[in-house]
Student: 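So that we are looking at the same thing, I have put the structure below in structure tokens.
Letters go in sequence order (proteins before strands), and every chain restarts at 1. Everything numeric here is computed off the predicted structure, so don't read it as measured data.
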2 protein chains.
Amino acid sequence: MSASTKLSTSVKALSFLALENKPKNSTEIADAVGINASKLRRLLSLLGKAGIVKSDSGMLGGFTLNKPPNQIHLQEIYCAIEDRKAFYLNVNDDNSKKNSHSQKVNYFFLNLFSDIQVEIENKMTDITLKNILDKIN
Amino acid sequence: MSASTKLSTSVKALSFLALENKPKNSTEIADAVGINASKLRRLLSLLGKAGIVKSDSGMLGGFTLNKPPNQIHLQEIYCAIEDRKAFYLNVNDDNSKKNSHSQKVNYFFLNLFSDIQVEIENKMTDITLKNILDKIN
DNA sequence: TATAATTGTTACTGTAAGTGTAACATATAT
DNA sequence: ATATATGTTACACTTACAGTAACAATTATA
């Protein structure tokens, strides 16, 4: 899954949990979201480690939100599921010697891409799960 | 090659042409940029179709810039080498039924990603090859 | 005209990455 | 005990990608 697909899938799952407001197992969530249950558990496991969802094993187990939707920011969802910076953009610097022209162009783009990433992160920090729920209902 | 790598590779090649200011064949450019010549020709071919470089076959052939560096915008380089919108971000909408919750979340993200893309495009429209050359020298 | 050098495109091969599923150890309520 | 969860690993399958090579078409030059 691409980073952006992971993000939208996570939000689908989280908003489902927000609306249901009781423990839901991976099969139920997977059905609602339209994704394989095993794959979803891998995603929810990451969200759990970040403290966004709570999970319980056993017969009455399942997943629930670990905090209210207005305290869950898009940015933290992204950071939970992706180790790289938001929407990482890369340059090819394999063959560039020190101080070469190639390397300087690389630096230019790394700076540019870094600026873009900061803007994206700022945008995502301003959006909470509650914002999204309000908007789509 | 990822979209962002294609872009930086293209700029490396174009800035090499700008500095040399005479026809250069694919082997020379490829050596300077650190990429396979055949691969580079595929990229330059796209830049040629967009009118950014001029190419000539034959013994005295090669590639030259088709307009001055201050008239070559990052945005048009990107459009030449990539058919999709700048840094396309996708959502998974395979299993979403009409008006379903899933689909609404998809729409939310499509809008968000579209906003981000517009911002990136604006940023790239403001940057010319000459800007880059001035900055890195 | 023959030749050498070049672009533009296609094809191919090996490798890496991604997808979807299954399996199973661990945990827990009844 | 048993049934039902999660969390993680493994695996087969497919897709995508990278790098290279090959070659027709084009063009200057002897």
Student: Round to a whole Å and report the spacing from NZ of A/K24 to P of D/dA5.
Tutor: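 Roughly 11 Å, once rounded to whole Å.
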
Student: Salt bridge (charged side-chain N to carboxylate O under 4.0 Å, His left out), that's the test. Do B/E76 and B/K67 meet it? Break it down for me.
Tutor: CA-CA 13 Å; B/E76 74 180 300; B/K67 45 185 173 178; 3.0 Å; yes

Student: Do A/S114 and A/N111 meet the criterion of a side-chain donor-acceptor pair at a distance under 3.5 Å?
Tutor: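 Result is no, nothing qualifies.
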
Student: Scan B/S38 against the nucleic acid and name what it touches under 4.0 Å (heavy atoms): base, sugar-phosphate only, or nothing.
Tutor: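 Answer is base: heavy atoms of B/S38 come under 4.0 Å of a base.
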
Student: Rounded to the Å, how far apart are A/D56 CG and C/dT30 P?
Tutor: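 Rounding to the nearest Å, CG of A/D56 and P of C/dT30 are 12 Å apart.
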
Student: Quick one: B/I29 CD1 to C/dT6 C1', roughly how many Å, whole number?
Tutor: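 In whole Å, C/dT6 C1' lies 12 Å from B/I29 CD1.
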
Student: Using a cut-off of less than 4.0 Å, is there contact between a side-chain N or O of B/N25 and OP1 or OP2 of C/dT6?
Tutor: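 So the side chain of B/N25 is within the cut-off, an N or O lying under 4.0 Å from OP1 or OP2 of C/dT6.
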
Student: Rounding to an integer number of Å, can you tell me how far B/L40 CG sits from D/dA21 C1'?
Tutor: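 About 16 Å, once rounded to whole Å.
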
Student: Does D/dA18 have OP1 or OP2 under 4.0 Å away from a side-chain N or O of B/K6?
Tutor: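 No.
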
Student: What contact category does B/S26 fall into here, base, sugar-phosphate, or nothing, at under 4.0 angstrom with non-hydrogen atoms?
Tutor: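 Since only primed, P, OP1 and OP2 atoms lie under 4.0 Å of B/S26, the category is sugar-phosphate.
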
Student: C/dG8 phosphate, OP1 or OP2: any side-chain N/O from B/S55 under 4.0 angstrom?
Tutor: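 The answer is yes; a side-chain N or O of B/S55 sits under 4.0 Å from OP1 or OP2.
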
Student: Over how many whole Å does the gap from B/K39 atom NZ to C/dT10 atom P extend?
Tutor: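 One finds 18 Å between P of C/dT10 and NZ of B/K39, rounded.
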
Student: Measure the distance from CG on A/N36 to P on C/dT19 and round it to the nearest whole Å.
Tutor: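 It is 12 Å, rounded to the nearest whole Å.
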
Student: For atom NZ of B/K123, decide whether the heavy atoms of other residues, nucleotides or ligands shown that lie under 6.0 angstrom number more than 12.
Tutor: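 Result for NZ/B/K123: enclosed.
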
Student: Using a cut-off of 4.0 Å on non-hydrogen atoms, how would the nucleic acid contact of B/G62 be classed: base, sugar-phosphate, or nothing?
Tutor: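 Sugar-phosphate contact only.
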
Student: If you count the non-hydrogen atoms of other residues, nucleotides and ligands that lie under 6.0 Å from NZ in B/K6, is the total more than 12?
Tutor: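 Yes - once you tally the heavy atoms of other residues, nucleotides and ligands closer than 6.0 Å, there are more than 12.
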
Student: Would you kindly say whether A/N137 and B/K104 are connected by a side-chain donor-acceptor distance under 3.5 Å?
Tutor: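 The criterion, which ignores hydrogens and geometry beyond distance, is not satisfied for B/K104 and A/N137.
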
Student: Starting the side chain at C-beta, find the nucleotide from D/dT26, C/dT9, D/dA28 nearest to B/L60.
Tutor: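 The nucleotide sitting nearest to the side chain is D/dA28.
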
Student: Does C/dT7 have its OP1 or OP2 closer than 4.0 Å to a side-chain nitrogen or oxygen of B/K54?
Tutor: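 False: B/K54 side-chain N/O out of range (4.0 Å or more) of C/dT7 OP1/OP2.
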
Student: Between the base of D/dT20 and the side chain of B/R41, is one N or O donor paired with an acceptor at under 3.5 angstrom?
Tutor: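 For B/R41, whose side chain was compared with the base of D/dT20, there is no donor-acceptor pair (under 3.5 Å).
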
Student: C/dA29, D/dA18, D/dG7: which one has an atom nearest the side-chain heavy atoms of B/M1?
Tutor: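 When the side chain of B/M1 is considered, D/dA18 is the closest of C/dA29, D/dA18, D/dG7.
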
Student: Between C/dT9 and B/S45, is there an OP1 or OP2 to side-chain N/O distance shorter than 4.0 Å?
Tutor: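 Checking B/S45 against C/dT9: at least one side-chain N or O falls below 4.0 Å of OP1 or OP2.
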
Student: For B/E82 and D/dC17, give me the distance from atom CD to atom P, rounded to whole Å.
Tutor: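 Spelled out: CD on B/E82 to P on D/dC17 is 10 Å.
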
Student: Rounding to an integer number of Å, can you tell me how far B/R42 CZ sits from D/dC17 C1'?
Tutor: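 So the two atoms are 10 Å apart, to the nearest Å.
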
